[in-house]
Amino acid sequence: MTTPTPEPTAELPSQYTPAQVETRSYERWVSAGYFTADPGSEREPFSIVLPPPNVTGSLHIGHALDHSIQDALARRARMSGAETLWLPGMDHAGIATQNVVEREIAKDGVSRHDLGREAFVERVWRWKDESGGKILGQMTKLGDSVDWSRERFTMDENLSRAVQTIFKSLFDDGLIYRAERIINWCPRCLTALSDIEVEHTEDEGELISIRYGSGDDAIVVATTRAETMLGDTAVAVHPADERYGHLIGREVELPLTGRMIPIVADEHVDPAFGTGAVKVTPAHDPNDFEIGRRHSLPSIAVMDERGVITAHGPFEGLDRFEARPAVVAALRAEGRIVAEKRPYLHSVGHCSRCKTVVEPRLSLQWFVNVGPLAKAAGDAVRDGRTRIHPPEMAKRYFDWVDDMHDWCISRQLWWGHRIPVWYGPAGEVVCVGPDEEPPAGHVQDPDVLDTWFSSGLWPFSTLGWPAKTPELAKFYPTSVLVTGYDILFFWVARMMMLGLYAMDGRPPFHVVALHGMVRDQYGKKMSKSFGNVVDPLDWIDRYGADATRFTLLRGANPGADVAISEEWAAGSRNFCNKIWNAARFALMNGVAVGDLPADLTAADRWILSRLQGVISSVDTALAEFEFAKACDLLYHFAWDEVCDWYVELAKIQISSGRTGTRQVLGHVFDALLRLLHPLVPFVTEELWRALTGRESIVIAQWPVADSRFDDPAAEAEIAQLQDLVTEVRRFRSDQGLKPGQRVAARLSLTGGPLEAHEPAIRTLLRLDPPEDTFTPTARLAVGAVTVELDTAGAIDVAAERKRLEKDLAAARKEAAQTAGKLGNEQFMAKAPDDVVTNVRARAAKAVDDIARLEAQLSALPAAHG
RNA sequence: GGGCGGUUAGCUCAGCGGUAGAGCACUCGCCUUACAAGCGAGGGGUCACUGGUUCGAACCCAGUACCGCCCA
């Protein structure tokens, strides 16, 4: 293996330009094989399967968040010495992909039926090979450390084998069955949909009250779907509803059809809705279907698969939305309309793919009996084998899993895994497993399986199941699943059910870590129509992948939505640039990574002590998926402590001949870059290689806190130094002294804790030593230190008085507050000792401050001086 | 209708029992030899409302109002 030579430091420009380094680094990482997992390794495993994006998709900001989180986890695990597998791949996305290709060929005026099934599927494959999977290429721009050698696609041969295997197994166990049920039907996609592929929205419709029957037998029903009355086979009322008791068991005439239909009593009718009487259309409504079953009512279908009325009569051939007003008009002509309410807001289901209003439709479909599977999926979380994070989200999971309807898995599509069931001429039904031959003369079910059926196998089909592969042995169950809370039901529950079933009761994940949706800077959902969509690739081009990732991660609190804006991306870029320049400074000053010097200064011991605290809190934050916290900790440590203070102090140390400072700087930057690497991989790689001359930070060791460096005394000492410097700077600023202007000053540091820091204090504050002509015009007291300054002219007494009075007011308030507490017997008796001690210290300091500030104020020359 | 979450500085969010914080935005002064994508200083909040628990509440409890999401 060749060790690349680090870039000559002189060539580092003063601005970080991500585009120049990102592609180069990524290609090097991949070709070095850093991301390729070894199932034969002795190391502890760490595994993540990437939620497979749709083959039709491209990288959007939600992916960028999801991937940034996974990459941070994977890179940290890799640096910590785990055998790390992050497995990428794509989902064939049945309906979505079929729609895309159908639109594609429609441009040439061709429908899939023109092509025929085989040729169409061929065409989809071709499309997939050509333009599908764009998103995978885009992932490299983001820096995803995925194992490309294990990329999978849900329609791959082995993954299809997994589908067939588990179907056969569930079928043999009686957990898959075929039945005629009311299912969600998309009249545009011409396929069944599962419950979760239906989106409900509050839409404006109409509520029409229609009188059925006449005379004493008349009964009024209310409906939002007047056209379905053509298929009514009963009217239902609540059995305890006194208004209708006398009518139960009688028949009324159904208008427009002349059919007589019974009035039935059913517990599930809500007496408070409308008139308390409902029309019953078993072929076109799921609730009515159940009522029909309970009362042995016939089902009369009045629409075809495209939502066109098929009932004989004047409405035949009308689309359902044309038929509705036509039916209402006809009823009105007969005087049947009792009331009309428009607009009437009610919940309407839409196809999640094409937004067409879903039509409940009675049809023969395949279902999974989810009872035992869902129970197991719930139990795995209940007993802690899988932990949902953040834990509040588990309730939503239980609500779903514990009350799940049987899952309709057949789709009337061509693109997908074909149902492995064959029908014989005498009505035989044969489920065929892999490697089995269907009986001669049998024909295969034309339908394919729901896409979620195959993506539900993703955590183990991708690892080689049903074969017993080394990958499966090493990496299942996966360490963590990272995904948005919005697909907890869609997908997570499915994987839990199928994983537990296929893998002998072992759930597919140890942890499910949920994140939120990405929103704009005002917390608004991103939408094309609103024009507030952020394209991550655009940000990567303009601000860099690191800045894009950092912006997302910095807002990522567990389970919560993430607000982002252009300004924050710029801020993240600035942060990367800050790191860049700080490292550049270190390199220009001959920084070295190696053994620390024996004689450390207080500043050295302070920054090393602080570093240990940061290492352990960042590590904890990442382990708990607190990405925002990890980012914040590192941002402030790097910028406020390392750059603003340590680097400034180091300059002074170096110029005074303390060469060991270079080792301390090297040590701190080495650790800081390694801590930052999982979050901002590119800039850290570039700088770390230059700093250490080593191969790659990707395979560097994750920092571990070393308590030998803990040094509370040094931390306290530097805190005092910072207080003093800040206070004098404040005075200078208030007095309008220019930053560059040197001022003579006398410091009372002798014998105090800051004595050794006098050169640093003078340099940081640009204070010259007092000369013979020294005549102090101002005197500041900061703690035990007095600073006398000769501002070489009158000082702004008003500004000084204002500042002192403000501080005095704060000190007096503090004194009053603490004295109040200390004088409170209850407080003294009941508050814990450490709190009392702390309040005593605050009180004492407040009293000191008051005395000091009052003395300074009285020493001021009279106003208008 | 059922459930969950939220309401803290102009904006987005931390803090979840013991001195109200951050980033961005804002004001003032600076091209100080790593960085103007920067440096220094500063202003800004009855922590939604009403009760309760507690020596002590942004934080715990109850209720109210508004906002968001999920399910029906």
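Chain naming here is simple, since letters A, B, ... match the order of the sequence lines and numbering starts at 1 in each.
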Query raised in the report: Checking all strands, does A/Cys643 fall into the base, sugar-phosphate, or nothing category for heavy-atom contacts under 4.0 angstrom?
Result: base
Query raised in the report: Do the side chain of A/Glu727 and the base of B/rA41 come within less than 3.5 angstrom through a donor-acceptor pair of N or O atoms?
Result: no
Report task. Nearest whole angstrom, please: distance from the C1' of B/rC69 to the OH of A/Tyr397. Result -> 20 Å
Query - P atoms of B/rU54 and B/rC49, separation to the nearest Å - result: 23 Å
Report summary line: Picking from B/rC55, B/rU12, B/rA34, the nucleotide nearest the side-chain atoms of A/Phe827 would be B/rC55
Report summary line: Of B/rC35, B/rA34, B/rC69, the nucleotide closest to the side chain of A/Asn577 is B/rC35
Query raised in the report: Which base, if any, makes a Watson-Crick or G-U wobble pair with B/rG1, both distances under 3.5 Å?
Result: B/rC71
Report task. Under 4.0 Å between any heavy atoms, over every strand shown, what does A/Gln15 touch: base, sugar-phosphate, or nothing? Just pick one. Result -> base
Query raised in the report: When all nucleic acid strands are considered with a 4.0 Å heavy-atom cut-off, which category describes A/Thr726: base, sugar-phosphate, or nothing?
Result: sugar-phosphate
Query raised in the report: What is the nucleic acid contact for A/Ala563, judged by heavy atoms within less than 4.0 Å: base, sugar-phosphate only, or nothing?
Result: sugar-phosphate
**Report entry** B/rC49: pairing nucleotide in any strand, Watson-Crick or G-U under 3.5 angstrom
**Finding:** B/rG63
Query raised in the report: Out of A/Arg812, A/Lys813, A/Arg730, A/Arg852, which residue meets the salt bridge (Lys or Arg N to Asp or Glu O under 4.0 Å) rule with A/Asp807?
Result: A/Arg730
Query - Atom CG of A/Asp834 with >12 non-hydrogen neighbours under 6.0 angstrom - result: yes
Query raised in the report: Which value, in whole Å, describes the distance between the C1' atoms of nucleotides B/rC13 and B/rG51?
Result: 29 Å
Requested in this report: Provide the Watson-Crick or G-U wobble partner of B/rG17, both distances under 3.5 Å; none if there is no partner.
Outcome: none
Query raised in the report: According to a strict under-4.0 Å criterion, is A/Lys578 in side-chain N/O contact with OP1 or OP2 of B/rC39?
Result: yes
Report task. In whole angstrom, give the distance that lies between atom CZ of A/Phe550 and atom P of B/rC24. Result -> 11 Å
Requested in this report: Choose from B/rU19, B/rC11, B/rA14 the nucleotide whose nearest atom is closest to any side-chain atom of A/Glu814.
Outcome: B/rU19
Query raised in the report: Is there a side-chain polar atom (N or O) of A/Trp639 under 4.0 Å from OP1 or OP2 of B/rC39?
Result: yes
Query raised in the report: Tell me: CZ of A/Phe575 to P of B/rA22, nearest whole Å?
Result: 17 Å
Query raised in the report: Is A/Asn581 reaching over with its side chain to a backbone N or O of A/Gln15, donor-acceptor style, under 3.5 angstrom?
Result: no
Report task. Could you check which of B/rC35, B/rG40, B/rG29 has an atom nearest any side-chain atom of A/Ser733? Result -> B/rG40
Query raised in the report: Base, sugar-phosphate, or nothing for A/Lys830, non-hydrogen atoms under 4.0 angstrom?
Result: base
Report task. Walk me through it: do A/His515 and A/Leu65 pass the test side-chain contact (heavy atoms from CB on, under 4.5 Å)? Result -> CA-CA 9 Å; A/His515 59 249; A/Leu65 170 64; 3.8 Å; yes
Report task. With heavy atoms under 4.0 Å as the rule, sort A/Val839 into base, sugar-phosphate or nothing. Result -> nothing
**Report entry** Separation between the P atoms of B/rG23 and B/rA62, rounded to whole Å
**Finding:** 35 Å
Report task. Ignoring backbone atoms, establish whether A/Lys651 has a side-chain N or O less than 4.0 Å from OP1 or OP2 of B/rA34. Result -> yes
Query - Nearest listed nucleotide, side chain of A/Arg519, among B/rA22, B/rG68, B/rC55 - result: B/rG68
Query raised in the report: What is the pairing partner of B/rU32, taking Watson-Crick or G-U wobble pairs with both distances under 3.5 Å in any strand?
Result: none
Report task. Determine the interatomic distance between C1' on B/rC60 and the same-named atom on B/rG3; round to the nearest Å. Result -> 23 Å
Query - Atom-to-atom span, CG of A/Asn838 to P of B/rU19 - whole angstrom - result: 7 Å
Report task. Would you classify A/Glu825 as touching base, sugar-phosphate or nothing, given that sugar-phosphate means primed atoms plus P, OP1 and OP2, and contacts are heavy atoms under 4.0 Å? Result -> nothing
Query raised in the report: Of the nucleotides B/rG23, B/rC35, B/rC55, which one has an atom closest to the side chain of A/Ser14?
Result: B/rC35
Requested in this report: For B/rG40 and B/rC24, measure between their P atoms and round to the nearest Å.
Outcome: 12 Å
Report task. Give a yes/no answer on whether the side chain of A/Asn574 brings an N or O atom under 4.0 Å of OP1 or OP2 in B/rG38. Result -> yes
Query - Side-chain N or O of A/Lys738 closer than 4.0 Å to phosphate OP1/OP2 of B/rC30 - result: yes
Query raised in the report: For A/Tyr635 and B/rC24, is the shortest distance between a side-chain N/O and OP1 or OP2 below 4.0 Å?
Result: yes
Query raised in the report: Can you tell me how far C1' in B/rC55 sits from the matching atom in B/rA14, rounded to whole Å?
Result: 28 Å
Requested in this report: Among A/Trp580, A/Tyr635, A/Trp568, find the one that has a ring pair (Phe, Tyr, Trp, His ring centres under 6.0 Å) with A/Phe575.
Outcome: A/Tyr635
Requested in this report: Provide the distance between the two P atoms, one in B/rU64 and one in B/rG15, to the nearest whole Å.
Outcome: 27 Å
Query raised in the report: Does A/Arg610 count as lying over the ring of A/Trp645, i.e. NZ or CZ under 6.0 Å from the six-ring centre, within 45 degrees of the axis?
Result: no
Report task. Measure from CD on A/Glu199 to P on B/rC70 and round the result to the nearest Å. Result -> 9 Å
Requested in this report: Please report, rounded to the nearest Å, how far the C1' atom of B/rG56 is from the CD atom of A/Gln826.
Outcome: 11 Å
Report summary line: Result for 5'-nearest mapping on RNA chain B, choosing between A/Arg554 and A/Phe585, is A/Arg554
Query raised in the report: Does B/rG56 have a Watson-Crick or wobble partner in any strand here, with both distances under 3.5 angstrom, and which is it?
Result: none
Query raised in the report: How close or far is atom P of B/rA25 from atom CD of A/Glu566, stated in whole angstroms?
Result: 13 Å
Report task. Identify the nucleotide, in any strand shown, that forms a Watson-Crick or G-U wobble pair with B/rC24, with both distances under 3.5 Å; if there is none, say none. Result -> B/rG10
Query raised in the report: A/Asn557 or A/Pro832: which one's nearest nucleotide on RNA chain B is closer to the 5' end?
Result: A/Asn557
Requested in this report: Apply the test salt bridge (Lys or Arg N to Asp or Glu O under 4.0 Å) to residues A/Glu805 and A/Lys802: give CA-CA distance (whole Å), side-chain angles for both, the deciding distance (0.1 Å), then the verdict.
Outcome: CA-CA 5 Å; A/Glu805 277 171 350; A/Lys802 190 175 157 199; over 6 Å; no
Report task. Would you classify A/Asp644 as touching base, sugar-phosphate or nothing, given that sugar-phosphate means primed atoms plus P, OP1 and OP2, and contacts are heavy atoms under 4.0 Å? Result -> sugar-phosphate
Query raised in the report: Is there a side-chain contact between A/Tyr646 and A/Thr661 (heavy atoms, below 4.5 Å)?
Result: yes
Requested in this report: Determine the interatomic distance between P on B/rU19 and the same-named atom on B/rG10; round to the nearest Å.
Outcome: 23 Å
Query raised in the report: In whole angstrom, what separates A/Asp796's CG from B/rC28's P?
Result: 17 Å
Report task. Could you tell me whether A/Arg742 atom CZ has more than 12 heavy atoms of other residues or ligands within 6.0 Å of it? Result -> yes
Query - side-chain N/O A/Arg730 vs B/rG42 OP1/OP2, d < 4.0 Å - result: yes
